[in-house]
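Have a look at the structure below, then the notes.
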Amino acid sequence: MSDQKDVTARRGTNLPAMADFNQSVILDAIRRSATGLSRVELVTSTGLSPQTISNITRRLLDSGFIEEAGKAGTGPGKPRTMLRLNPGGRYALGVHVDPTVVTFVMLDLTGSVVRRSSFPTPAVMDPTLIIERIVEALEQLIDDSGVPRERIGGVGIAAPGPIDNVLGTVVDPPHLIGWHRVPLRDALQSGVGLPSILDKDVTASAIAEMWAGGESGLGSFAFFYLGTGIGVGLVMHDEVVRGSSGNAGEVGHIVTDPAGPKCLCGLRGCIAVTCTPQALVQEAERLGVLDDAWGANDTRTVDSRFTELCAAAEAGNATAIEIVERSAVRMSKAVAIIANLLDVDRVVLGGPFWARLSGHYLRRIPELLEELRATRSIHRISVAGSTVGEDVGAIGAACLVLDRALAPNPRALLLS
C-alpha cells in the first residue's frame, strides 16, 4: 500500500452527472498521497466504481494532469500501476499585493515554485499604475518560464482585506492608501488574459500551508500571518473558513494589553497597536532602542527599522529583548482566544516578518498558550512556524488556482 497522509478522505458519487466533481475527488486523493495511488486504491479511498475510476484516470492521463509512476505491490497478484500528479501538467500564477513588496510566483501542479520575481510597492500607491506594473511583471514571468500559456490554469491574487469576493474588489485596506473598491481581479484577468481569483492574503497563506506545509497543513489549524498587519487564516477539518463575505480572520482589534496604547477603534491595547511591526518599532523608538525617526512610518521604513530592532535583540540588547518578549506574551493571548474559540489542532505562524521573531515566539508562545487553553486537559495543541517561507502569500495565491482545479468543492453538487 502507498503512504497516504492522515486526512479525511473525500468520497465520490457514482451518478453520471457528477463527473467533474468525481474527477476532483480522484485528483485530490492522488495529490494527498506521498507516493501515488493505484486504481485499486482509488476505488477504496473514493468509493467510486472501478469503471468510473478507469474512465476518469484515462481522461486525466490523456490531458496530462497525472502520469504513471511505475509498478508497486507487496501481496499476491501482479504489481499495480501507480498514478501521481504530473508536475508539468498545469501551472498556476500567484501575486501577493503587499504594502511593502509585490511578489510573483509560478507553481507547477504539485505546488513547487518554478519561477519567482518581485518589485517594491511604489510609495505613491496609485492603483492604476500598480496594476499596470503587475500585468507587466506577470507577462515577464510567463515569458521567462517558457511555459506555454495554455498550460497555465490562471492567476491567484492575495491582497490585504477587506475584499469583496463577489465583485473581486479590494476595499480600503488600512495600508494601501487610495485603494477604494479597486476591481483588482477583473483588471488582472483582462490584462493577462487568464482566469483570475482574488482572496485575502491571510486566507491564501492558510491555503499555502495546506498545499505545501506538510503535516502542519492538515486537519484544523489557525495560520497567524505576521506581515505589515496581523491576521488569521482558518482551516477546519481540511476546509478553508472564509466567512459570509470572505473576510474571516480580522483579529487586529483583539485586546492583548488593556493598559496598552489607544487604538483608532477606541479601545486600548489591540493587536494593531501592540503586536504589529510598526507598533514594536514605535515602542523601540520610545524606549531608546532605535533613534527617533521623526514620525516616519511608511512600510519600507518600518520594515528596515524592525530588522534593526530584532538584530538588537539577537545581539543581547536587554530593552530590545524585553520589547520582543513582551510582544510574544501579547500574541499568546490572541492565539489562545482563537484556539479556544475554534478548538483547533495546531497553530502555525508565518508571513514576511515571521523569521525575525521566530526564535523568541517559539520559545514563549507554546508554554503561555498551554496555560491559557480551555481544553489543555483533553488534547494537546502544537505551535509551529510555517515552512513555506516569506513568499507564503504569493504561493498561497497560486494555490488558489490549484485548489480550484484539484480540490473537490461540495458546492459544485448544488443545482442552481
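Note that the structure is predicted; figures quoted are calculated from it, not measured.
- Side-chain atoms of E209 and S386 include a donor-acceptor pair closer than 3.5 Å.
- The main-chain N or O of M125 is found under 3.5 Å from a side-chain atom of W179 such that the two form a donor-acceptor pair.
- When every heavy atom of L234 is checked against every heavy atom of A206, the shortest pair comes out as N-CB, 4.3 Å.
- A313 approaches I321 most closely through the heavy-atom pair O-CG1, 3.4 Å.
- Nearest approach of I381 to V347, heavy atoms of both residues: CD1-CG2, 4.0 Å.
- Put simply, the side chain of T299 gets close to the backbone of P99: a donor and an acceptor are under 3.5 Å apart.
- Using a 4.5 Å cut-off on side-chain heavy atoms (C-beta onward), R59 and D62 make no contact.
- Between the N247 side chain and the I163 main chain, a donor and an acceptor come within less than 3.5 Å of each other.
- Taking 4.0 Å as the cut-off between side-chain N and carboxylate O, R363 and E325 count as a salt-bridged pair.
- More than 12 heavy atoms of other residues, nucleotides or ligands lie within 6.0 Å of CG in L362, so this atom counts as buried by the packing criterion.
- Summarising the local packing, CZ of R326 is surrounded by more than 12 heavy atoms from other residues, nucleotides or ligands at distances under 6.0 Å.
- Listed for the D98 side chain is no donor-acceptor partner under 3.5 Å among the backbone atoms of H96.
- Two residues are said to be in side-chain contact when any heavy atoms from C-beta on lie closer than 4.5 Å; I157 and I134 fail this criterion.
- S332 places a side-chain N or O within donor-acceptor distance of the main-chain N or O of V329, the cut-off being under 3.5 Å.
- Within the 3.5 Å criterion, the main-chain N or O of V101 finds a donor-acceptor partner in the side chain of T121.
- Side chain of S33 to main chain of I30: no donor-acceptor pair is present (N/O by atom type, distance under 3.5 Å, no hydrogens or angles).
- With no hydrogens or angles considered, a side-chain donor-acceptor pair links T274 and T256 at under 3.5 Å.
- No side-chain donor-acceptor contact under 3.5 Å links D28 to the backbone of S24.
- Proximity of a side-chain donor or acceptor of S196 to a complementary backbone N or O of L194 within less than 3.5 Å is detected.
- Of the possible polar contacts, none joining the S112 side chain to the D108 backbone as a donor-acceptor pair under 3.5 Å is found.
- Under the 6.0 Å distance and 45° angle rule, R356 does not count as a cation-pi partner of F306.
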